[in-house]
Amino acid sequence: MHDPRYLRDNLDTVRSALGKRGQDVPWDAVQKLSEERRALTTQAEQLRHELKKGSDEVARRRRAKEPAEEAIAAMKQVGDQIKDIEGRLREAEEALNDLALRIPNLPHQTVPQGTDATQNVEVRRWGSLPSFSFPPKPHWEIGEALGILDFDRAAKIAGARFALMSGTGARLERALIDYMLDLHTSRHGYREVLPPVMVNRQTMTGTGQLPKFEDDLFRLRDEDWFLIPTAEVPVTNLHREEILSEDRLPIRYTAYTPCFRREAGSYGKDTRGLIRLHQFNKVELVVFTTPEQSYAELEQLTGHAETILQNLQLPYRVVMLCTGDMGFSAAKTYDIEVWLPSQNQYREISSCSNFESFQARRANIKYRPGGGKKDAKTDFVYTLNGSGLAVGRTVVAILENYQQPDGSVLIPEALKPYMGGRDKITKE
RNA sequence: GGAGAGGUGGCCGAGUGGCCGAAGGCAACGGUUUGCUAAACCGUCGUAGGGACAAAAUCUCUACCGAGGGUUCAAAUCCCUCCCUCUCCGCCA
């Protein structure tokens, strides 16, 4: 959501800054409704002022035992006018709001121009790629052979794009969740939260999933609740409609949740394995901070996610997304991509973004600068979040990078304490 | 699911049709006093949208007493719908 005043006065700037991203926005309608709303607001306020004065006059006359019929009749008319104007105002506001909520965020200046993922910019690489004396297998073959992944039964009980993990596979997923949360809470300064995974419409609107991307979400049939596609949604909305004092900032949360995505329109993509599922687990990092600190926070938060991969000794690279590949709400995004030997490429395992005030405006999350002094003007916080990490994809990376010629899989050193001390997954 | 109670400013809490954006208290902030602390006293003390001013200070208008409708010249106050919280019963983890 953009500042309506800024939008009104700088429509052309916004429009060109959005470039390709804003192609489907009906700019003329935005401008027209913007002006209409302003005019109607002024009219309505003037009329209400008149009504107030008139009503006070009636009250005064009543007390003075003077006749008030004339004033009452006049005010009755003003009242009718107000009803008319306010009705039109409401319509204009609703229409404008609906359009405004569909305008994506403006990219930060440092974001490269581009139309798709091929124009993302690699920022850095970490780790050395593993070499194999045999053709590395895809994780689903490894997992099924070991008896820790079962896609056939998952399909039976739920359908395509679901997974069943069992035995050491289930333990591995749980170990990773534990490990990530422990690291972020004890070393990186995040507070752990365990939020609802079903949320209401307002919450989904706050972070930008609604109104534009309802088709990507699972929705309950009898209630207006949605399954969260990421913990970003409930956790960012923790402070919706709140004013935080600056000395509380930055506020950092980490949350493990399952995530649910319809994956509409991705038929045929990553149909096998754990890469793209309707339900997956993720540990998320969410930060509320000031505008000044937000970009330093983005670097730091990305680093926190990288630490997990480093500790697990998984090679990865960091890319800065170009304007055409960024999500709707983001101003700047780094993707962390982990190396997958079977695919001979890096694949996304984390996405870290600064949303600037875009979500804060939608969710009305403010802060009061200057150590809580009353006279300081409030302003919107900046929100950030990143995966730290997508758990299923981390399992994928471990299975593939740590696979052995005999089909077993070594357990990364850092994870052993979380795996009951075992150092290897063998056939079960 | 059944029955009942309730939602007012950061918090507590008054307010049943007009002079109420809302008494009083607490907290907070500024000051006076004080050897220091405390206390006392004085003052300030919600959010947002518009207008005036070149801008800030400031002034002014409008909205907001859970949300949305309605009645009325006039609604925190009356009516309707919804949401949320609490208590009891039932059910369940």
Side-chain angles (χ1 to χ4, degrees), chain A residues 1-10 30 33-98 100-101 194-206 210 219-220 222-226 234 237-249 251 258 288 357 360-381:
Chain A
M1 180 82 112
H2 299 277
D3 179 356
R5 220 174 334 175
Y6 183 81
L7 194 61
R8 191 186 67 216
D9 298 338
N10 303 278
V30 170
L33 287 166
S34 233
E35 285 162 5
E36 193 178 328
R37 188 195 53 158
R38 191 159 130 102
L40 288 169
T41 301
T42 308
Q43 276 187 60
E45 289 190 351
Q46 282 168 352
L47 286 170
R48 273 194 298 259
H49 179 59
E50 203 181 317
L51 181 74
K52 237 178 157 172
K53 291 283 176 239
S55 296
D56 287 348
E57 177 64 13
V58 171
R60 196 193 60 75
R61 289 193 181 203
R62 284 272 164 88
R63 275 196 303 272
K65 307 260 198 257
E66 292 171 18
E69 283 66 34
E70 202 178 308
I72 288 175
M75 285 312 106
K76 203 175 174 96
Q77 242 187 345
V78 172
D80 290 343
Q81 280 183 62
I82 290 175
K83 252 175 212 154
D84 173 53
I85 298 286
E86 285 189 335
R88 286 160 56 195
L89 178 60
R90 193 163 42 238
E91 278 172 36
E93 271 178 341
E94 275 169 16
L96 179 63
N97 202 246
D98 191 59
L101 286 171
L194 188 64
V197 298
M198 288 191 278
V199 300
N200 59 34
R201 185 169 287 272
Q202 201 184 350
T203 295
M204 278 294 182
T205 306
L210 291 179
R219 182 181 162 193
L220 298 215
D222 297 326
E223 309 282 345
D224 202 23
W225 285 337
F226 299 84
N237 278 278
L238 273 184
H239 293 298
R240 195 174 72 223
E241 311 290 337
E242 289 185 19
I243 300 171
L244 310 164
S245 78
E246 185 174 5
D247 50 28
R248 281 186 64 192
L249 301 177
I251 299 174
F288 301 80
S357 61
R361 285 179 197 284
R362 292 175 158 248
N364 194 23
I365 309 167
K366 301 193 156 186
Y367 75 103
R368 192 183 304 283
K373 282 214 172 85
K374 282 284 186 189
D375 53 343
K377 192 111 177 77
T378 59
D379 199 4
F380 292 105
V381 300

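Protein chains get the first letters and strands the later ones, always in sequence-line order, with residue 1 at the start of each. All values derive from a computational prediction rather than experimental measurement.
Distances shorter than 4.0 Å separate none of the side-chain N or O atoms of A:His49 from OP1 or OP2 on B:rC61. A:Lys76 has no side-chain polar atom (N or O) that falls below the 4.0 Å cut-off from OP1 or OP2 of B:rA74.
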Would you tabulate the nitrogen or oxygen pairs shorter than 3.5 Å linking the protein to nucleotides 69-71 of chain B?
from: B:rG69; atom 1: OP1; to: A:Arg90; atom 2: NH1; distance (Å): 3.1
from: B:rU71; atom 1: OP2; to: A:Lys83; atom 2: NZ; distance (Å): 3.3

Close N or O pairs between protein and nucleotides 51-55 of chain B (under 3.5 Å):
from: B:rG51; atom 1: OP1; to: A:Arg38; atom 2: NH1; distance (Å): 3.0
from: B:rG51; atom 1: OP1; to: A:Arg38; atom 2: NH2; distance (Å): 3.4

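Put simply, CD on A:Glu50 is 14 Å from C1' on B:rA74, counting in whole angstrom units. Look at CZ on A:Arg240: it is 13 Å from C1' on B:rA67, rounded to the nearest Å. Between the CG atom of A:Leu89 and the P atom of B:rA63 there is a distance of 13 Å, rounded to whole Å. Note: CG (A:Asn364) to C1' (B:rU47) measures 9 Å, nearest angstrom. The distance from atom CZ of A:Arg362 to atom C1' of B:rA48 is 19 Å, rounded to the nearest whole Å. Separating the CD atom of A:Glu94 from the C1' atom of B:rG68 is a distance of 11 Å, rounded to the nearest angstrom. Remark: P of B:rA67 and CD of A:Glu241 are 11 Å apart, rounded to the nearest angstrom. Note: CG (A:Leu47) to P (B:rU62) measures 12 Å, nearest angstrom.
For A:Thr205, the side chain to side chain donor-acceptor pair (under 3.5 Å) criterion is met by no residue, not counting sequence neighbours. Partners of A:Asp224 by side chain to side chain contact (heavy atoms under 4.5 Å, CB included), not counting sequence neighbours, listed by chain and number: A:Arg201, A:Arg219, A:Phe226. A search for side chain to side chain donor-acceptor pair (under 3.5 Å) contacts involving A:Asn97 returns nothing, not counting sequence neighbours. Residues that satisfy the side chain to side chain donor-acceptor pair (under 3.5 Å) test with A:Asn364, not counting sequence neighbours, are A:Glu241. With sequence neighbours excluded, no residue satisfies salt bridge (charged side-chain N to carboxylate O under 4.0 Å, His left out) with A:Asp379. Partners of A:Glu242 according to the side chain to side chain donor-acceptor pair (under 3.5 Å) rule, which considers only residues two or more places apart in sequence or in another chain, are A:His239.
Each of A:Glu86 and A:Gly79 lies near RNA chain B, and the nucleotide nearest A:Glu86 is the one positioned closer to the 5' end.
Rounded to a whole angstrom, the distance from the P atom of B:rU81 to that of B:rG90 is 29 Å. Taking the C1' atoms as reference points, B:rG9 lies 9 Å from B:rG21, given to the whole Å. Nucleotides B:rU77 and B:rG15 are separated by 8 Å at their C1' atoms, to the nearest Å. Distance noted for atom P between B:rG2 and B:rA75: 35 Å (whole Å). B:rU44 and B:rA22 have their P atoms separated by 13 Å, with the value rounded to a whole Å. Annotation: B:rA5 and B:rG24 have their C1' atoms spaced 25 Å apart (nearest Å). Here, B:rA56 and B:rC65 have their P atoms 29 Å apart, quoted to the whole Å. Using atom P as the reference point in both B:rU47 and B:rA57, the two lie 14 Å apart (nearest Å).
Pair assignment for B:rU87: B:rA3, on the basis of Watson-Crick or G-U wobble contacts that are both within less than 3.5 Å. Nucleotide B:rC41: paired with B:rG31 (Watson-Crick or G-U wobble, both distances less than 3.5 Å). Base pairing analysis places B:rG10 opposite B:rC26; the two distances defining the Watson-Crick or G-U wobble pair are each below 3.5 Å. Remark: B:rA48 base-pairs with B:rU62. Criterion, Watson-Crick or G-U wobble with two distances under 3.5 Å. B:rA56: no Watson-Crick or G-U partner with both key distances under 3.5 Å is found in any strand.
A side-chain contact (heavy atoms from CB on, under 4.5 Å) with A:Arg368 is found for one member of A:Leu244, A:Ile243, A:Asp247 and no other, namely A:Ile243.
Listed by first and then second residue, the salt bridge (Lys or Arg N to Asp or Glu O under 4.0 Å) pairs involving residues 68-77 of chain A amount to none (not counting sequence neighbours).
Between A:Val197 and A:Pro234 the shortest side-chain heavy-atom distance does not fall below 4.5 Å. Inter-residue side-chain proximity for A:Val199 and A:Trp225 is flagged as unmet; no heavy-atom pair is nearer than 4.5 Å. Taking the side chain as every heavy atom from C-beta outward, A:Glu223 and A:Met198 never approach each other to under 4.5 Å.
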Side chains of residues 40-58 of chain A: which donor-acceptor pairs under 3.5 Å do they make with residues two or more places apart or in other chains?
from: A:Thr41; atom 1: OG1; to: A:Arg37; atom 2: O; distance (Å): 2.6
from: A:Thr42; atom 1: OG1; to: A:Arg38; atom 2: O; distance (Å): 3.0
from: A:Arg48; atom 1: NH1; to: A:Glu86; atom 2: OE2; distance (Å): 2.1
from: A:Ser55; atom 1: OG; to: A:Leu51; atom 2: O; distance (Å): 3.0
from: A:Glu57; atom 1: OE1; to: A:Arg60; atom 2: NE; distance (Å): 3.3
from: A:Glu57; atom 1: OE2; to: A:Arg60; atom 2: NH2; distance (Å): 3.1
from: A:Glu57; atom 1: OE2; to: A:Arg61; atom 2: NE; distance (Å): 2.9

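At a non-hydrogen distance threshold of 4.0 Å, A:Leu51, A:Lys52, A:Ser55, A:Val58, A:Ala59, A:Arg62, A:Arg63, A:Ile72 from residues 51-73 of chain A come into contact with RNA chain B.
Summarising the geometry, atom CD belonging to A:Gln77 is positioned 9.0 Å from atom CE belonging to A:Met75; distances are rounded to the nearest 0.5 Å.
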